[in-house]
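Notes follow once the structure below has been shown.
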Amino acid sequence: MLNKVDSCIIALFLNLTNANILTSTQITWQALQPDSIRYQSIFSNVSLEDSDSLAAVQPRLLNALAHLHHQTLGFPLLLLRSQENSDYLACIAEAAQRFQPEEIALYGGDYHVMGDTVSLMPPSDANRPFTSQGGVHFADWIEAEQLFGCVRQYKDRIQPEPGLIHQANGGTLILSVNTLLAQPLLWLRLRKCIEQGRFDWYSQDERQPLPVAIPSLPLQLRLVLCGDRDALASFQELDAEVHEMALYSEFEENLQITDEEDMTFWCQWTLTQAEQAGLDQPAADFWPLLINEAVRFTGDQETLPLCPRWLRRQLQETALHGDVINAEALKEALEAREWRESYLADRMRDEILLNQIMIETEGEVVGQINGLSVVEFPGHPRPWGEPSRITCVVHPGDGEFTDVERKAELGGNIHAKGMMIMQAYLIAELELEQQLPFSASLVFEQSYSEVDGDSASLAELCALISALANQPLSQHIAVTGSVDQFGNVQPVGGLNEKIEGFFNICQSRELTGKQGVILPASNVRHLSLSEAVVDAVKQEQFHIWAIESVDEALPLLTGIAWQSESGESLLNTIQERIAQLNQQEIRHRPWPFRWLNWFNHS
């Protein structure tokens, strides 16, 4: 038996332990956004003088194009994983232009039409339609006539007209792979032309031959096909033989920032986009805010985007909101864009504030927790975060854990996997010699669409433990993260949207200084939160805790440790409830079964 002094000492020890967990897992406001201060000197002095930003950020692309240019054997094809819009293709064309020969050479020939006779002469004049100086040409979409040209007939006169393939003769042609996937006959004819080294004329109407015979045109062509991974996989199915012979590379979408040199390269690349868009150089204070937005785009504080289209959009919208491209103009542009795109998110938030969707942000409830989810609505330009009320009830039973979402066919496979993993962790922790005498039911309340992903498995586990221990959970705190079978908390996606979604609800109801979010420690590097959240954390009106295991989450939510060698713990409470229920069952059994149970344990 413990005396009063011992009980006080244990209680004091537990309070100190919980306080240590509160402070050791809580992250500071400085960690909520990428650290741009250390690069301030770069922002003030960056320029394009004596720089080659393309070579710095796209070394794989340049290496592949150089290899393609010097390739003499095999099929001269480069498959490039990249977007297929004109901004990307223009950038790839600029890179390919570096490897064109300095000496001028003429390719193709010169067609002479005399009545019903068409003859081919060697190339002599670069201004003739079928004579080319090579170069680099690209198109994001093209039809057969645009690519291969055609034969026009005006009364009795025959006139061949060139296509893009003739303009690119002797050089490099860059096309979208989806163009060829949508028009397989285009690819078959293009492949034949490149393999045979000549261009043969065919009638556009298969039912009628050409009115005259037209000599084949000598053709020398390097081909670059651009597309995403799915498109390139489809191309492999279309022509596995050529796919096997082709070179492969990628237009790198992101740049890992490890030192000042990397940051300089990224800033110079951004300046290149500004220059090509005809915009002035940004001010020094523009860069930190752009980096915050860039991290939200990439999802990593140490990774910045290289997407030309994304960078130009930020620059162009900033230019529309100010005479100078600076932080103030960019902030106005971002706020205006968010306001334009937030109608649906605002209506969902109103539903919560009007208690049509019930979310608690104060008090304590047994078996209820605020999970965090990201809503991605088809056709909507941006995802947004909102809290989800997850509840759990337990009752005497056969140990079955009912996933209501799965039973109602509203739960996806990954969500079901997360449920099974967290159940396995709990059963292993309880170290039961027999089946758990409780059954449990877990559900996302007021959820009427499919739930998938395992990012709520930590919240579901905490709700289950709360219900089993009959210990209330704080409603001030929302939780996100997945768990493995050992209780480790794993990273999830959409952190910024999730945190801001819960923060907006708390702020609308008035911040109490107790509210906050629990997230995986491995997700801290993904944070780039709004100024409103950062200011609230700085003023200790809102808190963010980064944890590595379930053991760290439970004291924050309940004030009680998960397990302890001495004193109260959630694990001991659950084990005591199980023992009490087992004793009750034994007392209510007929005496022969009680005797048999005693015999088995003796």
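Reckoned from all heavy atoms, side chains included, excluding hydrogens, waters and symmetry mates.
Using a 4.5 Å heavy-atom cutoff, the side chains of Leu106 and Ser132 are not in contact. In this structure, Leu190 and Leu175 have side chains that are in contact, with non-hydrogen atoms separated by less than 4.5 Å. Taking the side chain as every heavy atom from C-beta outward, Glu351 and Glu386 never approach each other to under 4.5 Å. Using a 4.5 Å heavy-atom threshold, the side chains of Leu78 and Leu225 count as separate. A 4.5 Å side-chain heavy-atom check between Met263 and Arg38 finds every atom pair outside the cut-off. The shortest side-chain heavy-atom distance between Asp140 and Cys226 does not fall under the 4.5 Å cut-off. Side-chain contact between Arg98 and Asp52 is present, with heavy atoms from C-beta onward closer than 4.5 Å. Side chains of Leu217 and Asp200 form no contact here, defined as non-hydrogen atoms less than 4.5 Å apart.
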Please assess Trp269 against Leu311 for the test side-chain contact (heavy atoms from CB on, under 4.5 Å), listing each intermediate value before the final yes or no.
CA-CA 9 Å; Trp269 174 250; Leu311 289 169; 3.6 Å; yes

Could you check Thr172 against His137 for side-chain contact (heavy atoms from CB on, under 4.5 Å), going step by step and ending with a plain yes or no?
CA-CA 6 Å; Thr172 302; His137 302 263; over 6 Å; no

Take Leu306 and Glu253 through the test side-chain contact (heavy atoms from CB on, under 4.5 Å) and record every step on the way to the result.
CA-CA 5 Å; Leu306 297 173; Glu253 295 282 353; 5.9 Å; no

Residues Val46, Trp287; criterion side-chain contact (heavy atoms from CB on, under 4.5 Å); working and verdict
CA-CA 11 Å; Val46 65; Trp287 296 102; 4.2 Å; yes

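Ile37 CD1: 12 or fewer foreign heavy atoms inside a 6.0 Å radius. No more than 12 heavy-atom neighbours from other residues, nucleotides or ligands sit within 6.0 angstrom of CZ on Phe377. Shown here is Glu195, whose CD atom has more than 12 heavy atoms of other residues, nucleotides or ligands within 6.0 Å. Counting heavy-atom neighbours within 6.0 Å of Arg157 CZ, excluding the residue itself, gives a total of 12 or less. The environment of Met245 atom CE is dense: over 12 non-hydrogen atoms of other residues, nucleotides or ligands sit within 6.0 angstrom. Within a 6.0 Å radius of CG in Asp125, more than 12 heavy atoms belonging to other residues, nucleotides or ligands are found. In the displayed structure, Ile414 atom CD1 is contacted under 6.0 Å by at most 12 heavy atoms of other residues, nucleotides or ligands.
With hydrogens and angles left out, the side-chain atoms of Glu250 and Tyr248 include a donor and acceptor closer than 3.5 Å. Between the side chains of Arg222 and Gln71, no donor N or O sits under 3.5 Å from an acceptor N or O. A donor and an acceptor atom, one from each side chain of Gln33 and Ser528, are nowhere located under 3.5 Å apart. No side-chain donor from either of Glu328 and Asn326 sits under 3.5 Å from a side-chain acceptor of the other. Under the 3.5 Å distance criterion, with hydrogens and angles disregarded, no donor-acceptor pair is assigned to the side chains of Gln273 and Gln316. Between Glu49 and Ser47, the side chains place no donor N or O within less than 3.5 Å of an acceptor N or O (distance only, hydrogens not considered). When only modelled atom types and interatomic distance are considered, Ser53 and Thr272 share a side-chain donor-acceptor pair under 3.5 Å. There is a side-chain donor-acceptor pair under 3.5 Å between Tyr111 and Trp201. No side-chain N or O of Glu341 forms a donor-acceptor pair with one of Trp339 less than 3.5 Å apart. Between the side chains of Ser388 and Ser373, a donor-acceptor pair is found at a separation under 3.5 Å.
From Arg347, atom CZ reaches atom CD1 of Ile352 across 12.5 Å, with rounding to the nearest 0.5 Å. From Thr264, atom OG1 reaches atom CD1 of Ile42 across 3.5 Å, with rounding to the nearest 0.5 Å. To the nearest 0.5 Å, atoms CG (Leu232) and CZ (Arg229) are separated by 8.5 Å. Expressed to the nearest 0.5 Å, how far CG of Asp452 lies from OG of Ser455 amounts to 9.5 Å. For the atom pair CG (Asp239) and CZ (Phe235), the distance works out to 5.5 Å, reported to the nearest 0.5 Å. Distance check: Gln30 CD to Asp35 CG gives 9.5 Å after rounding to the nearest 0.5 Å.
We find that Lys331 and Asp285 are not joined by a salt bridge, their nearest charged nitrogen and carboxylate oxygen being 4.0 Å or further apart. A salt bridge links Glu500 with Arg296: at least one charged nitrogen is closer than 4.0 Å to a carboxylate oxygen. Using a cutoff of 4.0 Å between basic side-chain nitrogens and carboxylate oxygens, Glu317 and Arg313 are scored as salt-bridged. Taking 4.0 Å as the cut-off between side-chain N and carboxylate O, Arg337 and Glu332 do not count as a salt-bridged pair. With respect to Arg525 and Asp300, a salt bridge is recorded, a charged nitrogen being found less than 4.0 Å from a carboxylate O. A salt bridge links Glu252 to Arg60: one of the charged nitrogens lies within less than 4.0 Å of a carboxylate oxygen. Between Lys538 and Glu531 there is no salt bridge, since no side-chain nitrogen of the basic residue lies less than 4.0 Å from a carboxylate oxygen of the acidic one.
The shortest heavy-atom contact between Ala168 and Leu221 is O-CD1, 3.2 Å. Smallest separation of non-hydrogen atoms from Ala93 and Phe138: CB-CD2, 3.7 Å. Considering all non-hydrogen atoms of both residues, Thr270 and Leu315 come closest at O-CD1, 3.9 Å.
Remark: Arg189 is positioned above the aromatic ring of Phe148, its terminal NZ or CZ atom under 6.0 angstrom from the ring centre and at most 45 degrees off the axis. By the 6.0 Å and 45° rule, Arg128 does not stack over the aromatic ring of Phe130.
Residues Trp187 and His243 place their aromatic rings such that the two centres sit no closer than 6.0 Å.
Between the side chain of His70 and the backbone N or O of Ala66 there is at least one donor-acceptor pair closer than 3.5 Å. Gln83 contributes no side-chain N or O that, together with a main-chain N or O of Gly227, makes up a donor-acceptor pair within less than 3.5 Å.
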